[in-house]
Number of protein chains: 2
Amino acid sequence: MTDDNEIEKCEFLYVHEDAVREVLTKMPKEDMLYDLAELFKVFGDSTRIRILYALFERELCVCDIAGILGLTQTAVSHQLRVLKANKLVKARRDGKVVFYSLDDDHVHSILGIGIQHLSEGSGK
Amino acid sequence: MTDDNEIEKCEFLYVHEDAVREVLTKMPKEDMLYDLAELFKVFGDSTRIRILYALFERELCVCDIAGILGLTQTAVSHQLRVLKANKLVKARRDGKVVFYSLDDDHVHSILGIGIQHLSEGSGK
DNA sequence: CTTTCATATGATTATTTGTTCATATGTTAT
DNA sequence: ATAACATATGAACAAATAATCATATGAAAG
């Protein structure tokens with residue numbers, strides 16, 4: 001049916017043995033795939049996405065972000081910590097106030113492609 | 001200190017009032033930001049990332065993916081359902097076997113930019 | 001039609017994760 | 001030093017989610 005190389009049954013291993021072998025040799029390192037997932041996990045929360053978009057316009061302090069998004073200062077601070085740890089935003093202190101801004105060109109790119117995907121998906 | 005427009009205190013609202021107003025007018029729709037987060041959430045799991053990378057090479061059936069990644073058939077099937085619901089993979093049935101393949105150019109783009117970010121981050 | 005095999009689905013469970021509350025740190029002004 | 005304010009941090013709680021187990025569906029072969 002398919003055509004060439006079915007081998008044994010699926011007893012959890014190898015329906016198409018050479019396909020499996022080929023893919024196995026070309027898979028990236030586990031560490032990298034794990035880190036990649038961790039990075040996207042950061043984008044996978046609407047609060048963080050909204051913070052990033054707010055920072056698209058200009059740098060903002062924690063309190064302003066909280067005001068814009070209708071969140072508590074604490075919640076924003078926690079999420080900014082995550083974003084900062086992943087080098088997506090950077091902080092600048094001016095007296096008592098800490099200003100946050102985007103710290104990565106990739107933020108734009110990633111969000112942009114995500115939007116493209118969404119818009120095309122709805123058009124199908 | 002800062003320079004122009006501090007207004008009142010942060011009582012949860014508006015340290016820099018015009019900054020807040022400006023950003024508020026330019027924020028995208030809530031729905032879109034939510035959908036965007038949902039999309040990235042799909043990429044935010046190492047199992048799904050690994051499945052996507054396996055499919056980079058060629059289409060694969062559920063059992064092969066399970067074999068390649070050392071997962072149960074059930075776990076893979078559940079994740080494929082998520083990926084399919086988000087139009088990142090598509091399915092093709094051939095008899096008893098269902099072959100999955102990537103269903104979006106954006107998958108390449110998004111993962112590519114993610115990798116760029118990671119590699120630059122470690123070089124800092 | 002019954003069996004076999006590949007895949008899918010539902011329920012349960014364990015873990016992760018975002019928010020809240022309370023409190024701590026750090027900076028400026030009095 | 002003390003007070004006031006912006007921000008950060010830790011613990012506790014609630015919600016989301018990925019894996020597992022049991023079972024169901026769907027297709028081909030006998």
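Quick caveat, the model's predicted, so the values are computed rather than measured. The chains referred to below are lettered A, B, ... by the order of the sequence lines, with proteins before strands, and numbering in each begins at 1.
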So if you build clusters from Ile, Leu, Val, Met, Phe, Trp, Tyr with side-chain heavy-atom gaps below 4.5 Å, do B/Val62 and A/Leu24 land together?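 Yes; A/Leu24 is reachable from B/Val62 via cluster members.
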Once you round it to whole Å, what is the distance between [atom2] of [N] and [atom1] of [X]?
{"X": "B/Arg93", "N": "D/dG26", "atom1": "CZ", "atom2": "P", "answer": "9 Å"}
{"X": "B/Arg81", "N": "D/dT25", "atom1": "CZ", "atom2": "C1'", "answer": "14 Å"}
{"X": "A/Ile65", "N": "C/dT19", "atom1": "CD1", "atom2": "C1'", "answer": "17 Å"}
{"X": "B/Ile49", "N": "D/dA18", "atom1": "CD1", "atom2": "C1'", "answer": "15 Å"}
{"X": "A/Asp64", "N": "D/dA6", "atom1": "CG", "atom2": "C1'", "answer": "11 Å"}
{"X": "B/Leu71", "N": "D/dA19", "atom1": "CG", "atom2": "P", "answer": "7 Å"}
{"X": "A/Leu83", "N": "D/dA8", "atom1": "CG", "atom2": "P", "answer": "12 Å"}
{"X": "B/Arg92", "N": "D/dG26", "atom1": "CZ", "atom2": "C1'", "answer": "17 Å"}

[options]: which one has an atom nearest the side-chain heavy atoms of [X]?
{"X": "A/Thr47", "options": "D/dA8, C/dG18, D/dT9", "result": "C/dG18"}
{"X": "A/Val97", "options": "C/dT9, D/dA6, C/dT7", "result": "D/dA6"}
{"X": "A/Val62", "options": "D/dG10, D/dT7, D/dA27", "result": "D/dT7"}

Ring stacking, A/His78 with base of C/dT19, under 5.5 Å and under 30°?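 No, A/His78 does not stack on the base of C/dT19.
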Is the backbone of A/Cys61 close enough, under 3.5 Å, to the side chain of B/His16 for a donor and an acceptor to pair up by distance?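 Looks like no, no N/O pair under 3.5 Å.
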N/O donor-acceptor pair under 3.5 Å between A/Ser77 side chain and A/Gln73 backbone: no
For A/His106 and B/His117, take the angle between the two ring planes, folded into 0 to 90°, and tell me which bin it lands in: parallel under 30, tilted 30 to 60, perpendicular over 60.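 Perpendicular.
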Mind checking whether A/Tyr53 and A/Phe56 have parallel, tilted or perpendicular rings, split at 30° and 60°?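 The arrangement is parallel - the two ring planes meet at less than 30°.
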Residue-phosphate contact under 4.0 Å: [X] side-chain N/O, [N] OP1/OP2:
{"X": "A/Arg48", "N": "C/dG18", "value": "yes"}
{"X": "A/Thr72", "N": "C/dT20", "value": "yes"}
{"X": "B/Lys96", "N": "C/dT7", "value": "no"}
{"X": "B/Tyr100", "N": "C/dA6", "value": "no"}
{"X": "B/Gln79", "N": "D/dA19", "value": "yes"}

Quick check on DNA chain C: between A/Thr74 and B/Cys61, whose nearest nucleotide comes earlier from the 5' end? B/Cys61
Give a yes or no on whether a donor-acceptor pair under 3.5 Å exists between the nucleobase atoms of D/dA6, that is its base, and the side chain of A/Gln73.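 When only heavy-atom distances are counted, A/Gln73 does not reach the base of D/dA6 through any donor-acceptor pair under 3.5 Å.
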